Amino acid sequence: MNGNLFKKEFKRNVFSLILWMIIITVLITVTMAVYRTFAANQSKVMDMISLVPKGLIQFKGVSSFGDLFSVLGFYAANNVIYVMVLGSIYAIVLSSNILLKEEYNKTAEYLLTFPLTRSEIFLSKSAVLIINILLLNLVTSMAGLLCLELVKNDAFNIKPFLILTLYTLLLHILFGATGLFLSTLVKRPRPVTTFCIALVLILYFINTLSRITESVEKLGYLSPFTYVNLDVNNPAYNLEFLNLIYFAGISLLLAVMSFRLYSRRDILT
Amino acid sequence: MNEPIIEITDLSKFYGKDRGIENINLEVRKGEVFGFIGPNGAGKSTTIRILMNLIFPTRGSALIMGKDVVRKTKEIKHKLGYIPSDASTYSSMDINEFLNYCVRFYDVTDGRQRIVELTNLFELDLKRKISDLSMGNKKKVSIIQSLIHNPLLLIMDEPTTGLDPLMKSIFFELLRSENQKGMTIFFSSHILSEVQTLCKRVAIIKEGKIIQIEDIDSMRKKQLKKVTIEFSEPVNIEDFDFLITEKLNTGQENVLSFLYSGNINELVVFLTGKRLNNLMIEEPSLDEIFLHYYRI
């Protein structure tokens, strides 16, 4: 890894990191702000919920309607879209551009002619990616925890919260690795941002569809969102070993493949 | 002096089925100013991009300072400077920030001093943002970054694009001075007059292949003469075909200009009795010689 490149790359991305942190934190805060009103009107809400198909609740990943009234269940069900989907979009957009932008901005002509190996470039940029994802998760989960503490009616168990946070982090790392991989597949350098955002949304949609439609339940296995367990009120809620292997394995595989492809990539600007 | 600094052996690069370069063999010696000329698309940039390890060769090898450009790229680049043809660079930085960023990659102690010296020479304000610079000023920044670590070898791909004549002359003067201090220069261009000004030897590349490697002086000293005849009456130009090595465009009906490689006495004998307004026999320019090589 090269310190000079790492510092410059980190500095180059810090503004967008802060912006994403602010956006996600604000969304978490706004959502959690309605929790007390929601919980106070439990019977009215239950009457309303009884009118909507069960599938519409299932897409939120909770096993029963009542789970939505616990502060942690509410957090898991409502903030998934902000923390998981937006965080995944952030991770894939950052990672798909972190190597590729040097090519389409034509700065690769400088970067790759400094005394650096391709491995050093790849590792320095990947380190920036990982640290940005870690910082985003740290700040947004701290914001989430703070909101939970502020709006809770009763004490909640921190363990499911930490497990959910870890799942989110793993999901973001997986999308980070996917972005890196996609950028090494692009022959002619150009931004692939739109494609990456669409990919995250499609995978989230597949996950949602598989939760609410029994006939396409198996389709859900294609989406990484399926491997994030949101059922935080389940007493058996834990970090599942197979899911952990899934996230770590695929992320590692994509990262290794990206590294190999980048090491032999022709830089055409 | 005769020790090679660049050795290219049977180097080929194909982009899928498209030819980049094919079986290129080239040797540049330490201390030389070597020209690499050819029109756009001939393979100049492909060759340079392989030397800079931006792209990988399909076949063959390239060594710089005796080291393989693929396997030992980092070691080589500590002593190598590069001016890309495209001067685009980190637009969010100012010049000072960019040059300091560049110099930190190298093990140099006088980097700061060198930056000040070179920016003064090229009359650049270190505080200016790169995105606000004109093409010519971006090129100056690019030139400076290639020299801040005092490289042993400087590879330049169309380095003068965007520079005004005054800056071009300052740049060439700087190159001469660096060359005298021992820096080898590999100068790729399609502008022959520039190559002629600076280089001692030149390689001509055509359609991905080297067609000639020659000293600039011996290239000039070839028997080629430029003959320009102004006729006072209409003549059948086809009668002169046997004399013409390379016909040159004059744009005038009664003026014939061509490169001549035969015996000058035979030319004079042939012209005896013809009604001429003017006859000029002179040394052809390098551009005219190049045109001849290029049509071979």
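The chains referred to below are lettered A, B, ... by the order of the sequence lines, with proteins before strands, and numbering in each begins at 1. These numbers were taken from a predicted model, which means no experiment stands behind them.
- Relative ring orientation between Y106(B) and F114(A) is described as perpendicular, the plane-to-plane angle rising above 60° on a 0-90° scale split at 30° and 60°.
- If you measure heavy-atom distances from S142(B) to chain A, the contacts under 4.5 Å come from both the backbone and the side chain.
- Interface residue K11(A): only side-chain heavy atoms are found under 4.5 Å from chain B.
- Among the candidates E120(A), R264(A), K7(A), the residue making the largest number of heavy-atom pairs closer than 4.5 Å to chain B is R264(A).
- Of the two parts of S119(A), neither the backbone nor the side chain holds a non-hydrogen atom closer than 4.5 Å to a non-hydrogen atom of chain B.
- For S124(A) (side chain) and N2(A) (main-chain N/O), a donor-acceptor pair under 3.5 Å exists by modelled atom type.
- Among Y82(B), Y101(B), Y15(B), the residue making the largest number of heavy-atom pairs under 4.5 Å with chain A is Y101(B).
- More than 12 heavy-atom neighbours from other residues, nucleotides or ligands sit within 6.0 angstrom of CE on M1(A).
- Checking side-chain atoms of N137(A) against main-chain N and O of I133(A) turns up a donor-acceptor pair under 3.5 Å.
- Neither the backbone nor the side chain of E75(B) comes within less than 4.5 Å of any heavy atom of chain A.
- Side-chain N or O atoms of T226(A) include one that pairs as donor or acceptor with a backbone N or O of G220(A) at under 3.5 Å.
- Side chain of H172(A) to backbone of V83(A): a donor-acceptor contact under 3.5 angstrom is found.
- Contacts of N4(A) with chain B are made by both backbone and side-chain atoms, with heavy-atom separations under 4.5 Å.
- Of the possible donor and acceptor atoms, one in the side chain of N25(B) sits under 3.5 Å from a partner among the backbone N and O of D10(B).
- With respect to chain A, the highest number of heavy-atom pairs below 4.5 Å among M93(B), Q145(B), R49(B) belongs to R49(B).
- Proximity to chain A involves both the backbone and the side chain of Y90(B), based on heavy atoms less than 4.5 angstrom apart.
- In this structure, no portion of K79(B) lies under 4.5 Å from any heavy atom of chain A.
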